[in-house]
There are 2 protein chains.
Amino acid sequence: MDAALDNAGAVEGAAVFKALADPVRLRLMSIIASAGDEVCVCDITPRFDVSGPTISHHLKVLREAGLVDCERRGTWVYYWPRPERLTWLSTLLSVPAGTTV
Amino acid sequence: MDAALDNAGAVEGAAVFKALADPVRLRLMSIIASAGDEVCVCDITPRFDVSGPTISHHLKVLREAGLVDCERRGTWVYYWPRPERLTWLSTLLSVPAGTTV
DNA sequence: AGTCAAGATAGACGTATGTCAAAGCAGCTA
DNA sequence: TAGCTGCTTTGACATACGTCTATCTTGACT
């Protein structure tokens, strides 16, 4: 009885949750993940009320958390989701077994 | 095409993710969720290296995020998970459709 | 009432985080 | 070469957060 997360797993998991723990970043993640394709930063920025540098900062946080990846092509930078990471988070959320009730 | 989260949803979602964005809280949540039953605080606290008040603080954060609930019975306080909330988070994570790779 | 134990709350302290303006860098076009 | 555009980095600032000690509350048991 005890499939609880160990300390190391908790540290890593919490780091990824922290990346989603901001409204701007969660919307960014949602926009990128729901696009079904890569998204240009130039299409993202105007949808927010914060400055360009702030968007750039948040995208970097998502990237360092392994949730998205990006590539520069010419003048523009494109982002796409990394679904494996989201799937892994989901497994952390799934109540691990004898879920009474 | 755009099933992206709106601002209000992002604010609420981010608040719940924030509750899980700390190693201590994530372990607490894991312990409570994997117990298959309610858990006494007196059984939780000794498993951590932080002080009692700190555990109490983190449990309060989880409670206010709607992730757990609790009841005092006699001298002891018991916590249990609220799986609906975890399920809801999972739906936020599920990539919403045309997941092209 | 008095005492003890389990948790919660209050207040303080250092660190981390979100934001912006300003500067920097990469790639286009001329 | 120069100049422009899209995005990132830097540095600064105010606020939020995690932790602790000290104090309070609740209930049990004399």
Side-chain angles (χ1 to χ4, degrees), chain A residues 5 7-8 10-32 35 38-80, chain B residues 5 7-8 10-32 35 38-80:
Chain A
L5 228 48
N7 209 338
V11 169
E12 186 180 357
V16 185
F17 279 122
K18 186 181 295 183
L20 295 173
D22 176 90
V24 173
R25 285 200 294 271
L26 190 54
R27 274 186 66 204
L28 282 172
M29 189 67 224
S30 175
I31 288 173
I32 294 173
E38 54 190 22
V39 188
C40 180
V41 174
C42 64
D43 290 325
I44 295 177
T45 305
R47 301 177 62 174
F48 289 82
D49 287 334
V50 297
S51 70
T54 297
I55 294 294
S56 200
H57 161 70
H58 286 307
L59 286 171
K60 182 180 187 179
V61 173
L62 291 176
R63 200 172 352 114
E64 290 177 345
L67 289 165
V68 300
D69 209 342
C70 70
E71 188 185 42
R72 173 172 209 127
R73 277 205 297 283
T75 308
W76 295 280
V77 177
Y78 296 86
Y79 280 78
W80 60 89
Chain B
L5 227 50
N7 209 337
V11 168
E12 186 180 358
V16 185
F17 279 123
K18 187 179 295 182
L20 296 174
D22 177 272
V24 173
R25 283 199 296 270
L26 190 54
R27 274 186 67 204
L28 282 171
M29 190 67 225
S30 175
I31 289 173
I32 296 172
E38 54 189 23
V39 188
C40 180
V41 174
C42 64
D43 290 325
I44 295 178
T45 305
R47 302 177 60 175
F48 288 82
D49 287 332
V50 297
S51 70
T54 297
I55 294 293
S56 200
H57 161 70
H58 285 308
L59 286 171
K60 182 179 186 179
V61 172
L62 290 176
R63 200 171 355 112
E64 290 178 343
L67 289 165
V68 301
D69 209 343
C70 70
E71 187 185 44
R72 172 173 211 127
R73 278 207 294 285
T75 308
W76 296 279
V77 177
Y78 297 87
Y79 279 76
W80 60 88

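Throughout, a chain's letter reflects where its sequence line sits, starting with A, and its residues are numbered from 1.
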Is [X] reaching over with its side chain to a backbone N or O of [Y], donor-acceptor style, under 3.5 angstrom?
X: Arg72(A); Y: Gly74(A); result: yes
X: Arg27(B); Y: Arg47(B); result: yes
X: Arg25(A); Y: His58(A); result: no
X: Ser56(A); Y: Gly52(A); result: no

Sugar-phosphate, base or nothing in reach of [X], heavy atoms under 4.0 Å:
X: Phe48(A); answer: nothing
X: Cys40(B); answer: sugar-phosphate
X: His58(B); answer: sugar-phosphate
X: Gly74(A); answer: sugar-phosphate
X: Tyr78(A); answer: nothing

Integer-rounded Å distance: [N] [atom2] and [X] [atom1]:
X: Leu20(B); N: dC17(D); atom1: CG; atom2: P; answer: 14 Å
X: His57(A); N: dA22(C); atom1: NE2; atom2: P; answer: 20 Å
X: Asp43(B); N: dG7(C); atom1: CG; atom2: C1'; answer: 14 Å
X: Arg73(B); N: dA6(C); atom1: CZ; atom2: C1'; answer: 15 Å
X: Leu28(A); N: dC7(D); atom1: CG; atom2: C1'; answer: 14 Å
X: Leu62(A); N: dT8(D); atom1: CG; atom2: P; answer: 12 Å
X: Tyr79(B); N: dA6(C); atom1: OH; atom2: P; answer: 16 Å
X: Leu59(B); N: dG7(C); atom1: CG; atom2: P; answer: 10 Å

So, is [X] near the phosphate of [N], with a side-chain N or O under 4.0 Å from OP1 or OP2?
X: Ser56(A); N: dT8(D); answer: yes
X: Lys60(A); N: dC7(D); answer: no
X: Arg72(A); N: dT8(D); answer: no
X: Lys18(A); N: dA16(C); answer: no
X: Ser51(A); N: dT19(C); answer: no

| request: Please round to the nearest 0.5 Å and tell me the distance separating atom OH of Tyr78(A) and atom SG of Cys70(A). | output: 12.5 Å
Minimum-distance nucleotide to [X] side chain [options: [options]]:
X: Pro53(B); options: dT21(D), dA21(C), dA28(D); answer: dT21(D)
X: Trp76(B); options: dC7(D), dG7(C), dG18(D); answer: dG7(C)
X: Thr54(B); options: dC20(D), dG18(C), dA28(D); answer: dC20(D)
X: Val77(B); options: dG18(C), dG7(C), dG6(D); answer: dG7(C)
X: Val41(B); options: dC20(C), dG7(C), dT19(D); answer: dG7(C)
X: Thr75(B); options: dT5(D), dC20(C), dA28(D); answer: dA28(D)

| Reference residue Leu28(B); test side chain to side chain contact (heavy atoms under 4.5 Å, CB included); the match among Leu59(B), Asp22(B), Leu67(B) | Leu59(B)
| field | Contact nearer the 5' end of DNA chain C, comparing Arg25(A) with Thr45(B) | value |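 Nearest-nucleotide comparison on DNA chain C picks Thr45(B).
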